[in-house]
Every structure is written in structure tokens, then in C-alpha cells.
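The basis for the numbers below is simple: all heavy atoms, side chains too, and nothing from hydrogens, waters or symmetry mates.
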Amino acid sequence: MSRLTPRTPVDVVRPFMPTERRRYETWRWIGLGLLVVGVVLGVVRAEAVGILVVIPIVLGGVLFTVSSIRWWNLAVDTAWSLRTWPVAGQPTVSVAGVVSARRVAVVLSATASVLALVAGLGSGVLPALAPAQTAEPLRAVVDETHPTPTPTATPTPTPTVAAARGAHGFPVAPFAVEGGAVRIGQVEDEDAWWAVCGSAMGDSDCLAWGVVASVDCDLEATVSFADTETGPVTRTEVRSVRVRPGTAAFFASVGEEPWSSIDAAGCRPRPDVDAGVATWFETLDHEAEPEGCWDAGCIGFDVIPHQDCAQADVQFAVYDDYGALGNPHDLVIPLELHEGVTVTAWAGGIDSFEGDAVLTRISCR
């Protein structure tokens, strides 16, 4: 004689449960399927998936857990009904056994949902949320076939002439100074260009230059301007940029002329800076921001000059990655100063709500 498989309290109760249980069972399978889909997407780590991994995991976890709880609540209610009104020919139902089974099942379903969420976050979402390294704009500054050398002692100034003039849309090749410790290039990515030039150019033309360095350096760059690519130089200006290892610096070269070039550059003694030139504080007149800030976003600082300066260099530390310039990065814009006359300097490329900028120095030669 064959032996009958022992029946658990749940086996006894299930046939007498209302048909509503089938709906909960369907929801439970759907929830489980969503959990599996979310975990698989997380493991794949496709860039297009990103934070979307969370959606099926959260929905699936909620659906799986809630439907399991409701199914087991229905099973316990049915067990109590059978205990109160026994059915002839059926074994006595152990209500305690069904309650114990419910406790175990609910804990397991909740644990499975949490583990699926942790697996999805760990494998798919967190890598997608990690800040990316700066890309295209800095590739215009650093030639990856000639990596930046290891930092050395302060080098001897060695001004270098750039190969040709550039204009917006017609970049020059990157070049190096100070024995390769400082590399300079023209930035052409449109978002990056707006982040550098938008707040400073007004109705003028503008070139965006980027600098990366393996040494601390007060970079002095001589910039010449021309109306055509090969025509005579119309004017020159000297720019000052404080560069440091690990943080890219960008400066705007603004003028009525569309063409310009960096004719010489090198590390120089630090110019007159900070309190000797001006004091500043964050502006309260946010409505006064220039048109170039409307898309890229800006933070302004009211500057009170202590002396006249035909062209001061205002340097900011920018904590935003608009245009993939890097977070943080340094930004330098030109500004004309007149003693005692307050003027607002705007740091561009601050597009996110978390973005910020700090005015770090004002120099005048």
C-alpha cells in the first residue's frame, strides 16, 4: 500500500479559501517577475538603464510582499472559519500552524524584496550615479598620446608660441609649456564653451581655453587678437590664471575680433591679488544676470574695486559639471575695474540646484 504524503495545515486550508486568493497569487507572480527583471537589468549595467533599475525592483517588491501578506491573511481567516465550523470528512485545521507558516512566508518575501533592491543598487544604479570623469572638453586640452608628466620642482619659465590662430569653430591644436608640465588647448564642445564664455562675452566674440597642469603655477598667457586668420594683430592682452594639479582651469578670451592665439605662456611671479585689488560678496540682484546665463546658469558676485584695472582676471572655483568641465574646476573671466565703482562678476556653467561657485581671487597686472 502506498503511503500518503502528509498534508500541512496550509494544504488543508487552501481548497476552502475564497477565489480571491487567485488574484493575490497572480499579483505575487507578477511582483516576483518584476524583481527578477530589475536584478537582471542591474547586473547588465547598461548605461541606458541607470536609475531605471530601481523602478521594477521597488514595484515588484511592493507587489510581491503586499500580495503575499494578503494571501496569508486570507489563509488564516479561512483556518479560523474551518476551526469554528468544521467540514465533515476533513481533518482538523491547526490555526497555529497556518499562523506560523504565514509569519515565515511574510518574512521571506520581505527579505527577498530587500535583497533584490540591494543587488540592483549595488550592481547597476550606484555605478550609474557615480560622477563621470571629464570627457570631450578636456581631451581638447590634454593630448592623450602625451600624458601629463609627474609633478616636479617649479620649472624655469619657457614661453611657447602656439601653432596658429583659432576662432570659435576653428580650434588650434593643444600645446605645452614649462617642459610639458602645463598644457593648454581650445575648448569647442558647445555646452563647455557656453559654461566658460556665456557669462563674460556679452555681444563680443569669445574663445574658451582650458589648462591642465602637474605643478602649481601662476600662469601668465599673452593673447593676441586679429580680424582674420592671417591678418595683422589688432591688440594683445596678458591673462593670469592660477592652475593646480588635479583641477582643470578654463579662461574666456573675449574681444570684438573673432580670431586670437596664445603667443606666449609660462609660470610667473604671482600678480597683485585679492584685498589689494578689490573686495567682493555674493550678489543679491539675481535678476541682473546676463543673457549668457539663462541656459548655462550663473552665480554672481558684487566686486568693489580698490584701484583701477583695465583688465582684471576674476577666478572662481566652480562646483558643477555643466559641459563636462569637471567638478570642481576653475574659471577665469576678464573684468574692467574702476576704483569705488561696484561691478558684478558672473561665474557661468552652474546649471544644477546643487551647483555652487566661490570667487577665489582677483588679479591685476
Hey, could you give me the [atom1]/[atom2] distance between [X] and [Y], rounded to the nearest 0.5 Å?
X      : Y      : atom1 : atom2 : result
Phe301 : Trp280 : CZ    : CH2   : 9.5 Å
Asp356 : Ile350 : CG    : CD1   : 7.0 Å
Cys298 : Glu289 : SG    : CD    : 5.5 Å
Thr247 : Leu325 : OG1   : CG    : 12.5 Å
Leu335 : Asp313 : CG    : CG    : 9.5 Å
Leu331 : Cys197 : CG    : SG    : 9.0 Å

Show your working on side chain to side chain contact (heavy atoms under 4.5 Å, CB included) between Leu337 and Asp308 and close with a plain yes or no.
CA-CA 5 Å; Leu337 302 180; Asp308 290 338; over 6 Å; no

Can you check whether [Y]'s main-chain N or O pairs, donor with acceptor, with [X]'s side chain at less than 3.5 Å?
X      : Y      : result
Gln186 : Pro174 : no
Asp321 : Gly326 : yes
Asp227 : Gly231 : no
Glu188 : Gly169 : yes
Arg165 : Thr228 : yes
Ser261 : Asp263 : no

Starting from Ile304, walk the hydrophobic network (Ile, Leu, Val, Met, Phe, Trp, Tyr; side-chain heavy atoms closer than 4.5 Å) and list everyone else you reach, by chain and number.
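Members alongside Ile304: Phe281.
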
Would you kindly confirm whether [X] and [Y] end up in one hydrophobic cluster when ILVMFWY residues are joined by side chain heavy atoms under 4.5 Å apart?
X      : Y      : value
Ile262 : Val233 : no
Trp259 : Val187 : no
Ile333 : Tyr319 : no
Ile299 : Ile362 : yes
Phe175 : Val182 : yes

Where do [X] and [Y] come nearest, in terms of heavy atoms and distance?
X      : Y      : value
Gly349 : Ala195 : CA-CB, 3.7 Å
Glu178 : Cys267 : OE2-N, 2.8 Å
Ala200 : Pro334 : CB-CD, 4.4 Å
Ala252 : Cys206 : CB-SG, 3.8 Å
Gly166 : Val172 : N-CG1, 3.4 Å

Within a strict 4.5 Å, meaning less than it, do heavy atoms of the His306 and Thr279 side chains meet?
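Yes; the side chains approach each other to less than 4.5 Å.
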
Do Glu237 and Ser253 touch side chain to side chain, with heavy atoms closer than 4.5 Å?
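Counting from C-beta outward, Glu237 and Ser253 do come under 4.5 Å.
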
Are Arg235 and Phe225 in a cation-pi contact, defined as NZ or CZ under 6.0 Å from the six-membered ring centre and within 45° of the axis?
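That pair qualifies as a cation-pi contact.
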
Ring pair (Phe, Tyr, Trp, His ring centres under 6.0 Å): pairs with one or both residues in residues 322-349, sequence neighbours excluded:
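Counting only pairs at least two positions apart or across chains, the ring pair (Phe, Tyr, Trp, His ring centres under 6.0 Å) contacts touching residues 322-349 are Phe250-His329.
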
Out of Asp216, Thr360, Leu219, which one pairs with Arg242 under the side-chain contact (heavy atoms from CB on, under 4.5 Å) rule?
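Going through the options one by one, the only one that passes is Asp216.
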
So if I apply the side-chain contact (heavy atoms from CB on, under 4.5 Å) rule between Ser260 and each of Thr234, Leu207, Thr236, which one comes out positive?
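Of all the options given, the one that passes is Leu207.
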
Determine whether Val254 and Asp205 satisfy the following criterion, side chain to side chain contact (heavy atoms under 4.5 Å, CB included), listing intermediate values before the conclusion.
CA-CA 6 Å; Val254 180; Asp205 284 300; over 6 Å; no

Would you say Thr344 and Asp302 are linked by a side-chain donor-acceptor pair, where the criterion is simply a distance under 3.5 Å?
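The criterion, which ignores hydrogens and geometry beyond distance, is satisfied for Thr344 and Asp302.
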
Is the shortest side-chain N to carboxylate O distance from Asp330 to Arg244 below 4.0 Å?
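The answer is yes: the pair qualifies as a salt bridge.
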
State plainly whether the residues Arg268 and Asp218 are in salt-bridge range, i.e. N to O under 4.0 Å.
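Here Arg268 does not pair with Asp218 in a salt bridge, since their nearest N and O are not under 4.0 Å apart.
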
Can you list the steps and then say if Ser240 with Gln311 is a side chain to side chain contact (heavy atoms under 4.5 Å, CB included)?
CA-CA 10 Å; Ser240 176; Gln311 182 182 287; over 6 Å; no

Which residues pass the ring pair (Phe, Tyr, Trp, His ring centres under 6.0 Å) test with Trp193, not counting sequence neighbours?
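Ring pair (Phe, Tyr, Trp, His ring centres under 6.0 Å) check on Trp193 returns His168.
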
Glu282 CD: over 12 foreign heavy atoms closer than 6.0 Å:
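Yes, CD of Glu282 has more than 12 neighbouring heavy atoms, counting only those of other groups under 6.0 Å.
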
Could you walk me through whether Leu359 and Val314 pass the side chain to side chain contact (heavy atoms under 4.5 Å, CB included) check?
CA-CA 7 Å; Leu359 199 161; Val314 181; 3.8 Å; yes

